[in-house]
Every structure is written in C-alpha cells, then in structure tokens.
Amino acid sequence: MFSALADPTRRAILAELADRDATVTELTAPLPISMPAVSRHLKALERAGLISRTRSGKLRMSRIEAAPLREAAEWIERYRRFWDTSLTRLDAHLAAVQAAGRATDRTTHGPATSDRESPNRANEKEN
C-alpha cells in the first residue's frame with residue numbers, strides 16, 4: 001500500500017477519486033501522462049486495495065476505498081506520536097545542555113563586558 005502511495009501521480013489520482021468516482025478518461029484529463037499510463041497506475045492502486053473498479057457496459061469506473069487508507073492513517077498516527085514524543089524529549093535535553101553550557105560559561109569566564117574589552121585595554125583607560 002505504501003509503495004502505491006509513494007508515487008505522486010497515484011496520489012493525484014486518489015485526490016481526484018476522493019471527490020467523485022471517475023473513468024480513466026476523466027482521470028487522464030488533469031494529468032500530463034497518457035491514458036495507458038493512467039491505467040497502469042490504476043492497476044497498481046487496485047492491487048494495493050486503495051481503489052475498486054466496476055464495469056457497466058463500456059464504462060469502467062474507479063472508486064476510492066477508504067478502509068485501507070484509514071488503516072494506513074492509523075498506522076502512521078502511531079508513529080507520529082512516537083516521533084513527537086521522542087523529539088519533545090530531545091528538545092528538552094538540548095535545552096538543558098544549552099542552559100548548563102551558559103551557566104558554565106558565566107562561572108568560568110566571569111561577567112561579560114558589553115564592549116568585550118581586553119584586560120589590557122581596561123588598564124589603559126584607568127591610567
């Protein structure tokens with residue numbers, strides 16, 4: 001299923017089918033590829049279970065199948081939550097490391113001067 005979704009043309013076809021059922025001719029119109037190429041994409045989507053196709057006389061309609069997409073979305077959502085949690089923990093860790101680094105800089109280098117003068121220049125001003 002994810003292999004079928006990886007192709008941008010197939011995602012465009014699914015976007016069209018999300019609005020309405022369509023024929024190969026209707027799906028080919030907005031795409032910069034041939035009708036046989038669209039047919040090949042439709043076969044890949046059908047094998048993945050993302051669409052179904054019906055024939056009524058000469059008319060062959062394609063329809064999006066929501067259940068497999070819902071399953072894929074649920075699977076992706078689990079991993080999105082995992083990565084969100086992991087990245088939140090990483091952000092907190094990096095903030096703590098940066099704060100510790102700033103605290104160490106303040107204690108080892110003393111207070112910073114605004115014009116960053118060297119000690120020799122400060123002595124010259126006193127004389």
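It should be emphasised that the depicted structure is a prediction, and the values quoted were computed from it without experimental measurement.
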### Query
Does anything in residues 87-107 pair up under ring-ring contact (aromatic ring centres under 6.0 Å, His included), and if so which pairs, sequence neighbours excluded?
none
#### Entry: Atom pair OG (S86) and CZ (R81), whose distance is rounded to the nearest 0.5 Å
12.5 Å
### Query
Can you tell me if CZ on R60 sees more than 12 non-hydrogen neighbours from other groups inside 6.0 Å?
yes
Side-chain donor/acceptor pairs under 3.5 Å, residues 46-58, sequence neighbours excluded:
unit_1	atom_1	unit_2	atom_2	d
S52	OG	E65	OE2	2.5

### Task
Only one of L17, D21, D19 passes side chain to side chain contact (heavy atoms under 4.5 Å, CB included) with I64; say which it is.
L17
Show me the side-chain donor-acceptor pairs of residues 4-12 shorter than 3.5 Å, one per line, residues at least two apart or across chains.
unit_1	atom_1	unit_2	atom_2	d
D7	OD1	T9	N	2.8
D7	OD1	R10	N	3.1
R10	NE	H41	ND1	3.1
R11	NH1	L5	O	2.9
R11	NH1	A6	O	2.8

Pairs of donor and acceptor atoms involving the side chains of residues 30-40, under 3.5 Å and at least two apart or interchain, shall be tabulated with distances.
unit_1	atom_1	unit_2	atom_2	d
S34	OG	A37	N	3.3
S39	OG	M35	O	3.3

Atom pairs and distances, side-chain donor-acceptor, residues 71-80, under 3.5 Å, sequence neighbours left out:
unit_1	atom_1	unit_2	atom_2	d
E77	OE1	R80	NE	3.0
E77	OE2	R80	NE	3.4
E77	OE2	R80	NH2	2.4
R80	NH1	D84	OD2	2.4

### Query
Quick one: side-chain contact (heavy atoms from CB on, under 4.5 Å) partners of T88, sequence neighbours excluded?
none
### Query
Remaining members of L59's ILVMFWY cluster at a side-chain heavy-atom cut-off under 4.5 Å?
M61
### Task
Following the transitive rule for hydrophobic clusters with a side-chain heavy-atom cut-off under 4.5 Å over Ile, Leu, Val, Met, Phe, Trp and Tyr, establish whether L87 and V97 coincide in one cluster.
no
## Note on the structure
Residues at least two apart in sequence or cross-chain that pass side-chain contact (heavy atoms from CB on, under 4.5 Å) with L94, listed by chain then number, are L90
